[in-house]
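Here is the structure we will look at, set down as structure tokens.
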Amino acid sequence: MWFNIVVMLMKENIKIFLIALILGMVVAFFLSYKFKEPIAYALNPEATILYVGSYNNIDIATSKQRNYPNSIIYEEEGIYKIVIGIFGDTTVLDLMKSYFHDQGLNFYEEKIKTNSTFLREINNYELLIKSSETSYYDTLNKSLLNLFNEYINEFN
């Protein structure tokens with residue numbers, strides 16, 4: 001008799017446990033899907049730079065940079081790259097790649113490590129790029145490059 005009661009109570013506990021487990025899995029899936037981008041930024045913050053050339057001499061890089069008025073020179077391990085854009089959002093990256101192609105620019109793409117604070121700062125400009133006309137892209141991109149230049153000077 002007692003055995004039957006214990007078995008019946010265990011069956012109820014197993015049902016409750018399975019319902020809680022399934023509910024927890026659904027909530028975890030939803031949260032991981034919804035917050036995938038911020039979590040990725042926090043764990044592995046990186047941005048993509050678009051650059052038109054790389055040189056191992058600062059003088060050559062400086063003279064070549066004159067051909068690209070809205071660019072900066074980014075030095076990494078003795079290599080000087082003429083950067084024309086930096087983006088964290090892949091949608092904005094695709095928009096700007098298309099824009100630069102339309103301008104007749106040939107460029108290279110490279111991911112670089114940044115910090116999440118920098119990515120949050122450029123996010124505001126990227127939102128503007130997504131919602132604005134192409135006539136504003138140069139101004140917004142110049143602002144992004146200025147932020148990147150400040151970031152480089154601060155952390156390098």
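The figures here come from the full heavy-atom set of this structure, side chains too, leaving out hydrogens, waters and symmetry mates. What you see is a predicted model; the values in this text were computed from it and never measured.
- Between Y137 and I129, some side-chain heavy-atom pair lies under the 4.5 Å cut-off.
- Between Y151 and I86 there is no side-chain heavy-atom pair separated by less than 4.5 Å.
- Counting heavy atoms from C-beta on, the side chains of F118 and L147 come closer than 4.5 Å.
- With values rounded to the nearest 0.5 angstrom, L50 atom CG is found 13.5 Å from I82 atom CD1.
- Nearest heavy-atom pair across P45 and S116 is CB-N, 3.8 Å.
- Tracing side-chain contacts under 4.5 Å through hydrophobic residues (I, L, V, M, F, W, Y), one reaches Y136 starting from L95; they form part of the same cluster.
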Please output the side-chain donor-acceptor pairs of residues 60-69 that fall under 3.5 Å, not counting sequence neighbours, one pair per line with the distance.
unit_1	atom_1	unit_2	atom_2	d
T62	OG1	I58	O	2.7
S63	OG	I60	O	2.9
Q65	NE2	S71	O	2.9

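- Contact annotation: the side chain of N146 never approaches that of I72 to less than 4.5 Å [non-hydrogen atoms, C-beta and beyond].
- For residues 99-118, every residue pair satisfying the salt bridge (charged side-chain N to carboxylate O under 4.0 Å, His left out) rule, not counting sequence neighbours, is listed here: K81-E110, K97-E109.
- Looking at every heavy atom in both residues, G85 comes nearest to N141 through CA-OD1, 3.7 Å.
- Residues Y99 and L127 do not share a hydrophobic cluster, clusters being chains of Ile/Leu/Val/Met/Phe/Trp/Tyr side chains in contact below 4.5 Å.
- Looking only at distances, no side-chain donor or acceptor of D89 sits under 3.5 Å from a matching main-chain atom of N123.
- Following chains of ILVMFWY side-chain contacts shorter than 4.5 Å, one cannot reach Y108 starting from Y80, and the two form parts of different hydrophobic clusters.
- In this structure, CD in E154 is found 8.0 Å from CG in N115, a value given to the nearest 0.5 Å.
- Between N70 and L145, the shortest heavy-atom contact is O-CD1, 3.1 Å.
- I73 has its side chain out of reach of Y55: every pair of non-hydrogen atoms, C-beta onward, lies at least 4.5 Å apart.
- T114 and A47 get closest at one heavy-atom pair: CG2-CB, 4.0 Å.
- In terms of heavy atoms, E76 sits closest to Y74 at OE2-OH, 3.7 Å.
- Applying the side-chain hydrogen bond (donor to acceptor under 3.5 Å, both in side chains) rule to N124 yields no partners; only residues at least two apart in sequence or on another chain are considered.
- Atom OG1 of residue T139 and atom OH of residue Y125 lie 11.0 Å apart, to the nearest 0.5 angstrom.
- Shortest non-hydrogen contact noted between L140 and S132 is CD1-OG, 3.6 Å.
- A perpendicular orientation is assigned to the rings of F100 and F107, their planes being inclined by more than 60° (bins at 30° and 60°).
- Atom CD1 of I84 and atom CG of L144 lie 12.5 Å apart (nearest 0.5 Å).
- Between the side chain of E126 and the backbone N or O of V92, no donor-acceptor pair lies under 3.5 Å.
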